[in-house]
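Accompanying notes for the structure given below.
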Amino acid sequence: MDYKFREIEDKWQAYWAENKSFKAEPENEKPKYFVLDMFPYPSGAGLHVGHPLGYIASDIVSRFKRQKGFNVLHPMGYDSFGLPAEQYAIQTGQHPAKTTDVNIARYREQLDKIGFSFDWSKEIRTSSSDYYKWTQWIFIQLFNSWYNLDSDKAENIEELISHFENFGTEGLNADCEGEVLFSAEQWKEFNEAKKEEVLLNYRLSYRSKSTVNWCSELGTVLANDEVKDGKSERGGYPVVQKEMMQWSMRISSFAQRLLDGLETIDWPEPLKESQRNWIGRSEGASVQFKVKEKDLKIEVFTTRPDTIFGVSFMVLAPENPLVDIISEETFKESINQYRTEASKKSERDRMADVKTVSGQFTGAFAIHPFSKKEIPIWIGDYVLASYGTGAVMSVPAHDSRDWAFAKHFDIPIPQVVEGGNINKEAHEAKEGILINSDFLNGLEVKMAISKAIEVIEKEEIGKGKINFRLRDAIFGRQRYWGEPIPVYYKDGVALTVKEEHLPIELPEVDAYKPTQDGEPPLARANAWKYNPENGQVGTEGYDLEWTTMPGWAGSSWYFLRYTDPNNSSDFADSKNLDYWGNVDLYIGGSEHATGHLLYSRFWNKFLKDRGFIKNDEPFQKLINQGMILGTSAIVHRIKGKNQFVSKSHINNCQTTAIHVDVSLVNASDELDIEAFKNWRDDLKDAEFVLEDGKFVCTREVEKMSKRWYNVVNPDDICEEYGADSLRMYEMFLGPLEQSKPWNTAGLSGVHGFLKKYWRLFNNGESIDISEEEPSKEELKSLHTLLKKVNEDISNFSFNTSISAFMICVNELQAASCSKRNILEPLTIALSPFAPHIAEETWSLLGHKQSISQADFPVADESLLVESSFAYPVAINGKMKLKVDLPLSLSKDEIQKEVMAMEKVIEYLAGKEPKRVIVVPSKIVNIVL
RNA sequence: GCCCUGGUGGUGGAAUUGGUAGACACGCAGGACUUAAAAUCCUGUGGCCUGUAAGGCCGUGCGGGUUCAAGUCCCGCCCGGGGCACCA
């Protein structure tokens with residue numbers, strides 16, 4: 001009986017679907033376990049073998065946990081709003097919803113072939129209006145919330161309004177932009193528009209000006225990703241930094257809690273670290289500098305208030321609005337020129353370029369708050385408008401960027417902390433004694449910082465402050481294929497759509513690109529007005545918002561929707577939310593470290609504050625899976641000719657490297673020349689210089705991508721080797737977290753293993769299972785495996801458990817073991833990894849129920865106890881020989897035994913060892 | 001530039017966290033079965049030296065250090081990968 005994997009896999013996939021084997025509902029008998037994958041964006045290219053890596057890992061854990069007695073929720077869905085579908089729509093005129101549907105169908109088909117234990121009854125799509133109705137609803141909740149710093153929570157905006165009505169801003173401690181003070185009486189006299197304007201400064205979703213990459217030729221905003229050297233990647237048009245009115249989210253209110261929460265969750269340390277860096281908490285002081293001859297102050301934030309006497313100039317970000325006010329007439333022209341130049345550079349370019357120093361004097365001076373000296377004010381692009389106040393007090397002696405600036409423009413560099421050589425470089429170390437600093441002289445830096453803050457506060461020129469790098473998240477996108485923001489404008493005032501009128505569905509438009517005037521695509525819609533009376537969207541009523549939500553909106557709460565995906569009266573029933581709680585295990589790529597994973601935590605904390613959910617953190621444990629890289633094949637063409645040279649001739653000629661489809665190259669890097677000629681029209685008449693009668697390509701490991709023709713499709717692997725082989729191989733490839741190159745040739749290893757396992761069940765002709773009791777050796781093989789697998793799954797070390805399976809099956813095969821009491825536990829242990837073959841052999845063993853219902857076997861450690869150990873004996877740390885000794889021996893006894901050995905005496909050659917180190921059950925080391 | 005991460009045979013990787021470097025596979029070489037192939041099974045396989053064997057030397061990116069003992073710890077470099085706020 002052969003291992004007919006195609007038949008077996010079809011059979012069991014149909015069985016699981018028909019019996020809804022993995023449907024999960026709240027119940028009280030078993031503990032719950034929520035296993036989540038980062039849901040995919042359904043791209044037109046379909047899945048390649050890299051995508052399922054994390055899904056296979058989470059599926060193994062899900063199946064394992066079920067067999068360990070947990071009620072497991074393991075859902076899947078699609079993050080189906082996004083830019084690629086929109087780009088495609090712009091090019092082809094095809095509605096993105098259509099392409100998205102096609103892509104999802106393809107994804108589903110591909111996923112089904114791999115045999116995942118997803119509960120498909122829970123599927124969600126972020127682009128379906130049943131779903132985004134609730135994304136819009138959450139937006140409205142955020143709009144109707146403010147951040148109370150006293151309770152350190154987001155609260156209903158009604159409470160803020162009632163505070164205004166009773167006390168005005170008196171006694172209010174709220175997070176707010178550009179605070180305006182007023183009394184209760186004044187509040188009552190404000191008109192609606194004014195009230196809204198005030199409230200907008202408090203709302204958690206709000207409108208404000210922010211800087212974007214604007215490309216006027218494309219009439220759109222671009223991601224940093226889409227901008228290369230100040231030009232758009234598509235078309236190469238100029239891109240400038242431009243201020244725009246945008247919807248934003250006040251994530252900064254949650255900065256400290258997002259930081260603190262990291263201590264309570266089990267995430268990879270590097271990932272936590274990048275969130276910490278992103279949040280960027282720094283302690284210091286804000287200090288105000290008066291501008292000479294103007295009734296104006298410049299506020300700066302500094303982490304080194306101790307160096308305040310070392311300030312010899314100030315620098316403003318070129319975009320800082322103060323620049324217009326303070327600049328002297330004679331400098332205006334050069335300033336505007338400098339600003340134009342700066343606007344062509346992206347923030348990242350500005351940060352990356354530390355070698356070029358540039359700046360421009362404004363002609364204005366500030367007054368030092370202590371020394372009262374005049375300090376020149378410059379603008380410079382190393383100061384970023386988006387961080388701090390967009391202005392710095394420059395201490396060139398103790399900050400390297402200030403130092404470089406001062407050197408370049410010949411500004412004095414007064415030293416205020418002892419040490420270093422400030423003629424050569426800035427002395428940045430946060431240690432040393434203060435000098436030339438009036439009341440700070442003689443203090444250690446640490447002491448000086450607190451003393452400086454104390455005096456700054458006393459003199460009322462500033463105060464101690466904690467600053468965060470985390471900025472509020474821009475929420476509006478000038479795109480079509482996203483959730484409409486449920487906002488309309490009444491007399492210029494932004495109001496949210498009534499909850500009972502949700503969803504506001506995406507309107508039909510004649511094209512998916514921006515309008516001629518550079519307005520977002522939704523401005524094209526004819527019927528894009530809202531009537532708050534009846535909820536109708538059409539040609540009557542108030543204008544609806546034109547921008548849509550960013551990609552991260554839908555993905556910031558989808559895990560909650562999985563608990564109750566078809567609920568139409570609530571985003572999820574609280575019973576379900578409470579039962580499933582937060583995600584126990586989340587698997588996905590580390591590229592989401594600071595985007596999705598931070599925004600989700602933000603929304604989760606917000607929803608908790610407002611009482612909709614109970615958990616503070618959404619994802620308790622998180623694992624990052626690595627990338628599977630493609631092994632590209634490259635041929636080399638002689639420059640100017642249609643002639644290709646084999647690998648060994650490359651160095652002798654000038655060649656161009658060309659990527660060739662990996663399917664045209666075999667495992668020994670040999671090119672199929674005929675297939676290659678037919679691959680593209682221009683290759684029909686190509687000539688080839690061979691070596692040993694073959695044409696050999698070179699290989700390169702890089703990201704799997706259509707562009708490099710190195711994509712391997714899981715469907716092909718399932719067809720040729722089966723889903724179980726694919727699953728096993730992806731896990732066998734290496735540690736889950738690591739990125740590793742794909743090599744289809746290696747699949748024969750795990751495929752051979754599965755065949756070997758299959759043969760344990762039959763004698764070549766028919767099923768042949770022995771009821772005999774297992775031998776000691778067989779039990780030891782089995783239980784060594786069980787111990788390893790139990791440990792490895794808990795540590796997500798799947799590659800090593802697969803080698804344990806191989807070792808076990810090799811041993812059982814050598815012993816020709818076909819005993820039920822060995823094969824049954826072995827089969828259950830294998831079933832999370834290779835579920836199809838396991839179901840089949842389970843039924844061959846006579847079981848009627850799915851193996852997913854079986855209990856995972858536990859290792860009996862008593863079968864594994866050894867009585868002796870083969871001690872390695874090392875001389876001077878180098879292993880020379882081994883000796884088998886009982887484990888019961890004491891240190892001294894071991895030493896005696898070893899020193900008495902003939903070989904050891906030979907090695908010693910009469911010398912007396914200086915030391916003998918005995919580590920029981922580890923090693924013996926003799927030092928000569 | 002900044003932050004994070006990795007570097008071990010021809011290849012993917014293993015190494016109980018300081019204690020036998022190279023488990024398990026791929027590939028390669030040789031053999032058995034076969035008319036032949038496929039499939040399967042067996043043997044060998046880090047490098048170098050010694051005719052073989054016994055044995056010896058070298059070996060975890062590079063250079064130092066700590067230790068009886070370093071792939072693992074410390075210091076300084078080199079190279080690859082990921083992220084850096086509108087890709088998802």
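Computed from a predicted model, the values in this text were never measured in an experiment.
Side chain of A:R727 to backbone of A:F833: a donor-acceptor contact under 3.5 angstrom is found. At least one donor-acceptor pair under 3.5 Å links the side chain of A:R601 to the backbone N or O of A:L258.
The side chain of A:L470 has B:A85 as its nearest neighbour among B:A85, B:A14, B:G19. Looking at the side chain of A:P84, the nearest of the listed nucleotides B:A88, B:G82, B:G12 is B:A88. Listed nucleotides B:U20, B:A88, B:C26 differ in distance to A:A745; the shortest reach to its side chain belongs to B:C26.
Within a 6.0 Å sphere centred on CD of A:E902, other residues, nucleotides and ligands contribute 12 heavy atoms or fewer.
Base-pairing analysis of RNA chain B finds the following stems of at least three consecutive Watson-Crick or G-U pairs, with both pairing distances under 3.5 Å: B:1-7 with B:78-84, B:10-12 with B:24-26, B:27-32 with B:40-45, B:46-49 with B:55-58, B:61-65 with B:73-77.
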Please list each protein N or O that sits under 3.5 Å from an N or O in nucleotides 66-68 of chain B, with the distance.
unit_1	atom_1	unit_2	atom_2	d
B:C68	OP1	A:R915	NH1	3.2
B:C68	O2'	A:N925	ND2	3.2
B:C68	O2	A:N925	ND2	2.8

Between protein and nucleotides 22-25 of chain B, what N or O pairs are separated by less than 3.5 Å?
unit_1	atom_1	unit_2	atom_2	d
B:A25	OP1	A:N810	ND2	2.5

Set out, line by line, the N/O atom pairs under 3.5 Å between protein and nucleotides 3-11 of chain B.
unit_1	atom_1	unit_2	atom_2	d
B:C3	O2'	A:N277	ND2	2.6

Look for any protein N or O under 3.5 Å of an N or O in nucleotides 57-61 of chain B and output each such pair with its distance, or none.
unit_1	atom_1	unit_2	atom_2	d
B:C58	OP2	A:K878	NZ	3.2

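For the C1' atoms, the distance from B:G27 to B:U34 is 25 Å, rounded to whole Å. Comparing the P positions of B:A14 and B:C68 gives a spacing of 31 Å, expressed to the nearest Å.
Regarding the sugar-base torsion, B:G9 falls in the syn class, its angle being within 90° of 0. Taking the O4'-C1'-N9-C4 or O4'-C1'-N1-C2 dihedral as appropriate, B:U45 has a value more than 90° from 0 and is therefore anti.
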side-chain hydrogen bond (donor to acceptor under 3.5 Å, both in side chains) between A:S252 and A:D472, intermediate numbers included = CA-CA 5 Å; A:S252 60; A:D472 282 344; 2.6 Å; yes
Before giving the answer on side-chain hydrogen bond (donor to acceptor under 3.5 Å, both in side chains), spell out for A:T135 and A:W557 the whole-Å C-alpha distance, their side-chain angles and the decisive distance to 0.1 Å.
-> CA-CA 8 Å; A:T135 312; A:W557 73 283; 3.0 Å; yes
Checking side-chain hydrogen bond (donor to acceptor under 3.5 Å, both in side chains) for the pair A:N103/A:Y41: CA distance, chi angles, key distance, verdict?
-> CA-CA 9 Å; A:N103 293 348; A:Y41 172 77; 5.8 Å; no
Evaluation steps, side-chain hydrogen bond (donor to acceptor under 3.5 Å, both in side chains), between A:W267 and A:Q275 = CA-CA 11 Å; A:W267 288 17; A:Q275 292 216 343; over 6 Å; no
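Using modelled atom types and a 3.5 Å distance limit, the side chains of A:S632 and A:E702 yield a donor-acceptor pair.
Between A:R477 and the phosphate of B:C86, there is a side-chain N or O to OP1/OP2 separation shorter than 4.0 Å.
As judged by a 4.0 angstrom heavy-atom cut-off over every strand, A:W552 is placed among residues making no nucleic acid contact. A:H596 comes within contact range of no nucleotide atom at all, as no heavy-atom separation falls under 4.0 Å. Among the heavy atoms of the strands, none lies under 4.0 Å from A:G626. A:M38 comes within 4.0 angstrom of nothing in the nucleic acid, heavy atoms only. Base engagement by A:K882 is indicated by at least one non-hydrogen atom pair under 4.0 Å involving a base atom. A:Q246 comes within 4.0 angstrom of a base, heavy atoms only. Within 4.0 Å of A:P40, counting heavy atoms only, lies no atom of the nucleic acid at all.
Across the interface with RNA chain B, nearest-nucleotide mapping of A:I923 and A:I474 shows A:I923 to be the residue nearer the 5′ end. Comparing A:K740 and A:G752 by the nucleotide of RNA chain B that holds the closest heavy atom to each, the one mapping nearer the 5' end is A:K740.
Of the charged side-chain nitrogens involved, none lies within less than 4.0 Å of a carboxylate oxygen, so that A:D2 and A:K4 do not count as a salt-bridged pair. Ion pairing between A:K740 and A:E730 fails under the 4.0 Å rule for side-chain N and carboxylate O.
Proximity of the aromatic rings of A:F475 and A:W552 is defined here by a centroid distance below 6.0 angstrom, and this criterion is met. Taking the ring centroids of A:Y729 and A:W742, they lie under the 6.0 Å cut-off. Aromatic pair A:Y757/A:F805: ring centres not closer than 6.0 Å.
Taking the six-membered ring where the residue is Trp, A:Y586 and A:Y558 present tilted rings, their angle falling between 30° and 60°.
If you run side-chain contact (heavy atoms from CB on, under 4.5 Å) between A:Q625 and each of A:D37, A:I587, A:I56, only A:I587 comes through.
Partners of A:S781 by side-chain hydrogen bond (donor to acceptor under 3.5 Å, both in side chains), not counting sequence neighbours, listed by chain and number: A:E811.
The CZ-P distance, from A:F475 to B:C86, rounds to 12 Å in whole Å.
A:N876 contributes atom CG, which lies 12.0 Å from atom CZ of A:R915 (distance to the nearest 0.5 angstrom).
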